[in-house]
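Counting starts at 1 for both ligands and their atoms, following the listed order. We're numbering straight along the sequence, starting at 1.
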Amino acid sequence: MSEEDFDEYVKKLQKTIIDKELEYYNEYVVNLFHNPKNWGKPPEEEITVWHAYEGPCGDTMQFFLKIRDNIIEKANFITDGCGATVAAGSQTTLMIEGKTLDFAESLVPEDIDKALKGLPEDHKHCAELSMRTLHRSIEKYKYNKV
Ligand code: FES
């Protein structure tokens with residue numbers, strides 16, 4: 001197979017995969033899990049608090065927050081979960097950056113689900129994993145401050 005044929009083959013394969021995902025998830029979610037936002041562990045000096053949490057389905061998520069004067073200046077995450085979890089983590093970080101801790105604590109899984117324009121019923125818990133990880137990260141930050 002020539003290099004061009006191979007590239008063409010890979011492109012077709014990617015399209016087939018994305019078409020399959022679109023039968024199940026909406027376009028916004030598919031885009032987010034192929035191009036996650038705020039993915040990855042930042043350098044130590046940019047982390048005020050981090051926390052790892054394992055959800056009931058066995059998938060884990062970690063949040064890394066940089067907090068100053070009660071404001072979340074930077075939020076990053078990683079997960080070993082499904083695509084919906086990647087989208088939920090991305091969406092959560094987008095919604096909390098530059099916001100107060102109170103705002104972040106007031107968020108509920110339904111807010112993430114709504115911002116994602118609706119996860120499939122059997123993946124609603126992925127937004128729950130993101131929220132639990134975020135809320136526990138904030139609890140840890142507050143606990144360590146006292
Ligand atoms: Fe486990 Fe998405 S399937 S969090």
Note to self: Among V86, T85, T79, which one puts a heavy atom closest to atom 4 (S) of ligand 1?
What the structure shows: T85
Check: If you count the atoms of ligand 1 from 1 in the order shown, which ones are under 4.0 Å from a heavy atom of C57?
Finding: 1 (Fe), 4 (S)
Check: Is it true that a side-chain atom of T60 and a backbone atom of Y53 form a donor plus acceptor pair closer than 3.5 Å?
Finding: no
Check: Counting backbone and side chain alike, does C126 bring an N/O/S atom below 2.8 Å of atom 1 (Fe) of ligand 1?
Finding: no
Margin query: Using a 3.5 Å distance criterion without hydrogens, assess whether the side chain of H51 forms a donor-acceptor pair with backbone atoms of M61.
Written below: no
Note to self: Check whether E73 reaches the backbone of K66 with its side chain - one donor and one acceptor, N or O, closer than 3.5 Å.
What the structure shows: no
Notebook entry, point to check: Applying the side-chain contact (heavy atoms from CB on, under 4.5 Å) test to Q91, which of V86, V29, L32, I96 qualifies?
Noted result: L32
Margin query: Under 2.8 Å from atom 2 (Fe) of ligand 1 - does any N, O or S atom of H125 fall there?
Written below: no
Next item on the list: Enumerate the atoms of ligand 1 whose separation from the nearest heavy atom of L129 is less than 4.0 angstrom.
Entry: 4 (S)
Next item on the list: For residues W39 and F77, establish whether the separation of their ring centroids is below 6.0 Å.
Entry: yes
Check: Are any of the heavy atoms in C82 under 4.0 Å away from ligand 1?
Finding: yes
Next item on the list: Check for a donor-acceptor pair, side chain of S106 on one end and backbone N or O of F103 on the other, with a separation under 3.5 Å.
Entry: yes
Check: What is the name of the N/O/S atom in D59 that sits closest to atom 1 (Fe) of ligand 1?
Finding: OD2
